[in-house]
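Computed from heavy atoms alone, side chains included, the values below leave out hydrogens, waters and symmetry copies. The chain is numbered in sequence order, starting from 1. Not measured: the values here are computed from a predicted model.
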Amino acid sequence: MNVPTSDSLCRSSCVPCEGGVPTLSAQEAETYLAAVPHWSLADDGKSVFRNWKLMSFNQALEFCNSIGAIAESEQHHPDLHLTGYRHLRVELTTHAIGGLSENDFILAAKIDAAAP
């Protein structure tokens, strides 16, 4: 496996996944995490997440909308949790396989690039 970088992930596109592909191993997930260092692996190893504290509710909503546009263009959709009016948690997993795939890290890198 080539070691990904944030730039190489941003230049990649998500591949449609309807299941039938293996999830990333813990070692593979750690390799991808190095390219998106602000993201964390969930305790169960099936997702990654990142938390933001935005300046205002409007900025948080604008960022959510930016994430939504990226997700739609990639056809890979995160879970977004906006609480306390400006605290945003983004969680990524590949639902069709019940765990992580390269798509999750591609989207993480693209979200990082769009972050305020």
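Atom CG of L107 is separated from atom CD1 of I67 by 8.5 Å, given to the nearest 0.5 angstrom. Interatomic distance, CD of E102 versus CG of L24, reported as 8.0 Å (0.5 Å rounding). With values rounded to the nearest 0.5 angstrom, F105 atom CZ is found 9.5 Å from T31 atom OG1. In this structure, CG on L82 lies 13.5 Å from CZ on R89, to the nearest 0.5 angstrom.
Relative orientation of the F63 and W52 rings is perpendicular, given thresholds of 30° and 60° on the angle between their planes.
A pairwise comparison of heavy atoms in G20 and I97 identifies N-CG2, 4.4 Å as the closest pair. Closest of all the heavy-atom pairs between S101 and T94 is OG-OG1, 2.6 Å. For P78 against V90, the heavy-atom pair with the smallest separation is CB-CG1, 3.8 Å. The minimum heavy-atom distance between L9 and A35, with the atom names listed, is CD1-CB, 3.8 Å. In terms of heavy-atom proximity, T23 sits nearest to G98 at CG2-C, 4.3 Å. A109 and C10 get closest at one heavy-atom pair: O-SG, 3.4 Å.
Following chains of ILVMFWY side-chain contacts shorter than 4.5 Å, one can reach L54 starting from F57, so the two form part of one hydrophobic cluster. Linking ILVMFWY residues whenever their side-chain heavy atoms come closer than 4.5 Å, directly or via other members, places I106 and L33 in the same cluster.
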Could you go step by step and tell me if N51 and L88 meet the side-chain contact (heavy atoms from CB on, under 4.5 Å) rule?
CA-CA 6 Å; N51 298 311; L88 179 64; over 6 Å; no
For E91 and H81, run side-chain contact (heavy atoms from CB on, under 4.5 Å): C-alpha distance rounded to whole Å, both residues' side-chain angles, the deciding distance at 0.1 Å, then the answer.
CA-CA 8 Å; E91 297 175 2; H81 307 272; 3.6 Å; yes
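When atom types are taken as modelled, the side chain of E62 and the backbone of Q59 share no donor-acceptor pair closer than 3.5 angstrom. Between the side chain of N103 and the backbone N or O of V15, at least one donor-acceptor pair lies under 3.5 Å. The main-chain N or O of G99 is found under 3.5 Å from a side-chain atom of T93 such that the two form a donor-acceptor pair.
Here side-chain hydrogen bond (donor to acceptor under 3.5 Å, both in side chains) pairs that include residues 68-77, with residues two or more places apart or in two chains, are E72-H77, E74-K110, H76-D104.
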Can you give each donor-acceptor pair under 3.5 Å made by side-chain atoms of residues 38-48, sequence neighbours left out, with the distance rounded to 0.1 Å?
from : atom 1 : to   : atom 2 : distance (Å)
W39  : NE1    : D112 : OD1    : 2.9
W39  : NE1    : D112 : OD2    : 3.1
D44  : OD1    : K46  : N      : 2.9

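Side-chain contact, S25 with E28: a donor N or O sits under 3.5 Å from an acceptor N or O.
For the pair F49 and D79, the minimum side-chain heavy-atom distance is 4.5 Å or more.
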